[in-house]
Amino acid sequence: MEGEVNLNNILKNLNPVLNEGKYVYCTVDHIDDILFSKVLFLFKETESITVVVKKKMQKN
């Protein structure tokens, strides 16, 4: 696989974009019930799976 491997070049050329809004980090044991169209990030960790989704604001 080809690609940039020099970390200084990678960092120099980053153009990050901030996703506006508030987000929730949560952990789950199984991904069977996750609606993947709502997932922003998913991290597989040793102890569980961390999912990041946009926080839904409820009206009072």
Side-chain angles (χ1 to χ4, degrees):
M1 178 187 322
E2 287 191 33
E4 182 63 65
V5 295
N6 183 307
L7 182 58
N8 288 325
N9 286 341
I10 293 170
L11 294 175
K12 181 173 57 175
N13 293 306
L14 284 177
N15 293 310
V17 176
L18 176 64
N19 290 322
E20 296 294 330
K22 295 186 179 194
Y23 297 87
V24 178
Y25 289 71
C26 57
T27 59
V28 296
D29 293 322
H30 306 285
I31 59 172
D32 300 333
D33 297 325
I34 295 175
L35 185 60
F36 281 98
S37 63
K38 302 293 183 183
V39 172
L40 207 62
F41 302 103
L42 186 136
F43 303 93
K44 174 70 172 89
E45 300 175 281
T46 304
E47 63 278 3
S48 63
I49 300 165
T50 298
V51 179
V52 180
V53 293
K54 190 163 189 169
K55 183 176 182 179
K56 183 177 179 182
M57 305 302 270
Q58 294 184 359
K59 295 180 182 179
N60 292 335

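Only a predicted model underlies this, so the values are computations on that prediction, with no experimental measurement involved.
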**Request:** I would like to know whether I49 and L42 meet side chain to side chain contact (heavy atoms under 4.5 Å, CB included); could you show each step before the answer?
**Result:** CA-CA 7 Å; I49 300 165; L42 186 136; 3.8 Å; yes

**Fill in**
What one should report as the nearest heavy-atom pair of N13 and N9 is ND2-O, 2.8 Å

**Message:** One pair to check against side chain to side chain contact (heavy atoms under 4.5 Å, CB included): V52 and V24. What are the steps and the verdict?
**Reply:** CA-CA 6 Å; V52 180; V24 178; over 6 Å; no

**Asked** Hey, what do you get for NZ (K12) to CG (L7), rounding to the nearest 0.5 Å?
**Response** 12.0 Å

**Prompt:** Less than 4.5 Å apart, any side-chain heavy atom of I31 and any of F36?
**Reply:** yes

**Item:** E45 side chain vs E47 backbone, donor-acceptor pair below 3.5 Å
**Value:** no

**Item:** Residue pair V53 / K38: nearest heavy atoms and the distance that separates them
**Value:** CG1-O, 3.5 Å

**Item:** Any F41 side-chain heavy atom under 4.5 Å of T50 side chain
**Value:** no

**Request:** Evaluate the side-chain proximity of Y23 to L40: yes if any heavy-atom separation is below 4.5 Å, no if none is.
**Result:** yes

**Message:** Please give me the minimum heavy-atom distance between E20 and K54, naming the atom from each residue.
**Reply:** O-NZ, 3.7 Å

